[in-house]
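Both backbone and side-chain heavy atoms feed into the values below; hydrogens, waters and symmetry mates do not. Letters A, B, ... are given to chains in the order of the sequence lines, protein chains preceding strands, and every chain is numbered from 1.
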2 protein chains.
Amino acid sequence: MSQSTTRKTGKGDKSEEAAFLEAYRPGDFARPSVTVDLVIFTIQEGALSALFVTRGEHPFKGALALPGGFLRVGKDRHEQGEDLIDAARRELAEETGLGDSRIFLTQLGAFGKPGRDPRTRVVSVAYVALVRPELAQKTVGGGDVTHAQFLDVDKVHKLAFDHAEILSSARAFVRRELMTSPIAFELTAETFTIQELRGTYEVILGEVLDPGNFRKRFLRMLEEGIITETREMRRTPSKPARLYRFAKRNRG
Amino acid sequence: MSQSTTRKTGKGDKSEEAAFLEAYRPGDFARPSVTVDLVIFTIQEGALSALFVTRGEHPFKGALALPGGFLRVGKDRHEQGEDLIDAARRELAEETGLGDSRIFLTQLGAFGKPGRDPRTRVVSVAYVALVRPELAQKTVGGGDVTHAQFLDVDKVHKLAFDHAEILSSARAFVRRELMTSPIAFELTAETFTIQELRGTYEVILGEVLDPGNFRKRFLRMLEEGIITETREMRRTPSKPARLYRFAKRNRG
DNA sequence: GTAATAGTGTCTTTTAGACAATATTTC
DNA sequence: GAAATATTGTCTAAAAGACACTATTAC
């Protein structure tokens, strides 16, 4: 309640700090631009694919690039703008129409080599999003050729800026993550057969897995409750297969 | 060689792009400040410790904080300043005197919540450094109470800004990393006994490991060539122990 | 019936952990 | 000799991989 504090050490000088902040004027250091870039993965036609946009303006006019945009920074110290992850969600919604907060989205890291953007110094914070194939179909990028499209990451070669580096870093990230957390479900339809899930693993890892051994691994997940059995079966060219469901979708 | 290009699609319009860049003037978007913060770990007195500085100025005057500083951004598009990791190395050298490029240093991620710095919008890119105890002793932070000091991370409670969050994220990072890469050596003296290395693992993991079982794990590393036997022995209060050495120190 | 693939079972190797036992040194 | 701890060894269980086998459906 007391507003008049003189000189104390430690935590006593709240109002002194408040006064300091009131008087504070940001210096005129050169500041970099900060952007948020997205690697939006899905699986299409049995291939790991990501969303790319074609640049309409210089630099790298006509080249493919990862979707992204500027971080919105507020006007003063009381209004400091949006959080990094919110900027990523906003971009994701803008590019794909997927405003759903249940889409997996996590930070990959910051990329800030000088010269990566020839216009000015830009530090980009990259995020990885995982979109289930069913959803990817419905997005802007899933439709006919618009400015954004999902492409097989192995068939995309020249990318603008340092986006090839970001992309390959993102691929390594999902491969690593696949071993320790259930991210495969984020790239698999709502319900799936064991073989379909195995297919997702194979696409991400880039190697063929033994059906029998994968099943054992799968059944362990069933016991742990990560996966639930449904009553439905999927018709196949031969023997029908049971459909399963990921128990706890979403993550905030 | 030809400078006169008119209108082409694809990659033909190099000089058009050059002209664009020449004419480019950065817009006056609000830009955030970008800083680099460091979590510099070492092991002291059997505890995982990190380097902290005491803030001499507002905000958070008198509080402990992680060392860090502004990213240096150049003056124009041709001179864009330093890379993020170089900024981290520079800060590391400034705070500890460890200019040695062999010190383990890797990016943790970007932290940019609005309001994390009450003065202005700041996006911080955090790095984790691992310093061997022998080296930490010799640093500025290892000496008497100067402005920078190594403190047991479990005994540090109130930190400035969102540095508590960065610190706990860094702890989780090293714990995770310990399982998949040989980072323990970065926190262990040049030569070490099996038990000493086990001690490092125990401090990072925060749990006690069985000596016999750890030995088996260790001997596998020996076979793989990660570790080399030396001829020396370490005197102990009982039976002396053999000293080993990490085969390939450094990482650029 | 035949082809295809869903699903089961077997065997081996590797790794981890619990824990007992032995060996060698300091004091 | 006693204490301490380095070092070795044993046993069990979990997990992964190679691979053969059986079952059930579409056609």
Residues in salt bridge (charged side-chain N to carboxylate O under 4.0 Å, His left out) contact with [X], at least two apart in sequence or another chain:
X         : answer
Glu177(A) : none
Asp152(A) : none
Asp154(A) : Arg171(A)
Arg234(B) : Glu196(B)

Result block: side-chain N/O donor-acceptor pairs under 3.5 angstrom for residues 205-218 of chain B, not counting sequence neighbours:
from	atom 1	to	atom 2	distance (Å)
Asp210(B)	OD2	Gly212(B)	N	2.9
Asp210(B)	OD2	Asn213(B)	N	2.8

remark   = In short, salt bridge (Lys or Arg N to Asp or Glu O under 4.0 Å) pairs touching residues 36-50 of chain A with sequence neighbours left out are Asp37(A)-Arg116(A)
Angle of first-five versus last-five pair axes in the helix from dG1(C)-dC27(D) to dC27(C)-dG1(D), to 10 degrees = 0°
request  = Just jot down the side chain to side chain donor-acceptor pair (under 3.5 Å) partners of Asp86(A), sequence neighbours excluded, or say none.
outcome  = none
key: Partner set under side chain to side chain donor-acceptor pair (under 3.5 Å) for Thr200(B), not counting sequence neighbours   = Thr188(B)
ask   = Which residues pass the side chain to side chain contact (heavy atoms under 4.5 Å, CB included) test with Arg90(A), sequence neighbours left out?
value = Arg72(A), Glu82(A), Ala87(A), Glu94(A)
task = Walk along DNA chain D from 5' to 3' and tell me the first and last nucleotide with an atom closer than 4.0 Å to a non-hydrogen atom of chain A.
result = dA15(D) to dC27(D)
inquiry  = Can you tell whether the side chains of Glu229(A) and Arg242(A) come within less than 4.0 Å, N to carboxylate O?
reply    = yes
request  = Assign a letter to each nucleotide of nucleotides 1-11 of chain C from its 5' end: B, base within under 4.0 Å of a protein heavy atom; S, sugar-phosphate only; -, no contact.
outcome  = ---BBBSB-B-
